[in-house]
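See below for the structure under consideration.
Given the structure is predicted, the values throughout are model-derived calculations rather than measurements.
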Amino acid sequence: MFAAYAAEIGLPEPLRGLRLGELPAPRPRPGWSRVTVRAASLNHHDLWSLRGVGLTAERLPMILGTDAAGVDEDGNEVVVHPVVGLTGHGLATGESRSILTEKYQGTFAEQVTVPTANLVPKPPGLSFAEAACLPTAWLTAYRMLFTQARVRPGDSVLVQGAGGGVATAAITLARAAGLRVYATSRDPLKRARALALGATDAVEPGARLPHPVDAVLETVGAATWSHSVRSLRRGGTLVISGATTGDRPAHAELTRVFRRELTVIGSTVATRDELTSLLDFCTTTGARPTIDHTLPLTEAPEGFTRMSSGTHFGKIVFTL
């Protein structure tokens with residue numbers, strides 16, 4: 001079957017480790033289901049895999065991709081939850097959880113196999129491309145907002161780094177839930193697009209907000225950490241799920257954290273139930289992913305290059 005996969009990792013130019021070509025189709029496995037992939041979306045996780053983060057050389061070749069929507073063996077339209085082992089299904093006793101592409105082959109292929117419990121019905125109102133955007137970036141944003149930050153309608157939230165998949169998802173979800181949303185970006189065009197998505201205001205990184213916010217969603221890391229802490233109201237919550245600019249900020253703002261009684265919460269993989277709730281939320285509110293580019297899987301290198309350059313706004317989707 002045709003696939004986009006990591007053949008080498010940790011190269012000085014990581015994208016040189018990406019290959020397109022034929023690999024063996026997945027074999028049947030008890031308790032697992034085979035999905036014919038219709039669409040799959042690109043995440044920063046895929047770039048990190050090529051850099052050798054979370055993926056070791058002995059597991060190569062590894063098909064990349066954590067997100068997909070497609071059709072299962074019974075003809076059902078499904079969305080793939082990418083975390084294997086979170087519920088204990090489909091694994092040997094004692095095996096730790098992992099996300100697709102760390103231990104098990106990913107979704108950038110004609111077919112993928114996952115534990116049957118990882119399949120969620122695709123709502124008919126969502127296209128395959130839209131549904132394929134949800135399991136990682138959108139689900140991360142959903143968990144950050146509603147599970148970890150516990151925001152409510154009328155609250156205010158700051159989203160750092162408008163433009164990426166998690167950030168655009170957070171803006172869209174927050175507005176659909178009745179929140180006031182502030183976003184940051186160095187790029188004036190991305191700030192304008194954040195406003196078009198429904199942000200109350202979009203400012204340069206580090207700029208003073210009109211008022212302190214109830215919650216901050218942080219995926220940028222060191223470059224924005226101080227601003228995130230300083231933007232919170234007393235008793236506010238900072239949720240962090242990534243650190244693309246590094247995990248060692250020059251100013252940790254510890255004094256401000258304890259004096260203002262702030263809460264700092266980490267957020268990582270979300271559950272299948274949360275994915276089901278996210279799909280219901282999109283169906284009920286009409287919220288839909290912002291898709292930057294849709295490309296056939298045969299043009300995967302172009303999508304990887306665009307994400308690596310940081311010029312994208314929203315999700316990059318590969319179709320089959």
Using a strict threshold of under 4.0 Å (side-chain N to carboxylate O), is an ion pair present between [Y] and [X]?
| X | Y | value |
| --- | --- | --- |
| R233 | D214 | yes |
| R19 | E8 | yes |
| R230 | E253 | yes |

- Quick one: do the T136 and H45 side chains pair a donor with an acceptor below 3.5 Å? no
- Task: Say whether K103 and S96, considering side chains only, have a donor N or O and an acceptor N or O under 3.5 Å apart.
- Result: yes
[X]-[Y] aromatic ring centre distance below 6.0 Å:
| X | Y | answer |
| --- | --- | --- |
| W138 | F281 | no |
| H211 | Y182 | yes |
| F108 | F318 | yes |

- Task: Taking atom CD of E261 as the centre, report whether more than 12 heavy atoms of other residues, nucleotides or ligands fall under 6.0 Å from it.
- Result: no
- Message: More than 12 heavy atoms of other residues, nucleotides or ligands under 6.0 Å from CZ of R150: yes or no?
- Response: no
- Message: Could you check whether any side-chain N or O of T224 sits under 3.5 Å from a backbone N or O of Q160, counting only pairs where one atom can act as donor and the other as acceptor?
- Response: no
- Give a yes or no answer on whether the side chain of N76 reaches the backbone of V78 with a donor-acceptor pair at less than 3.5 Å. no
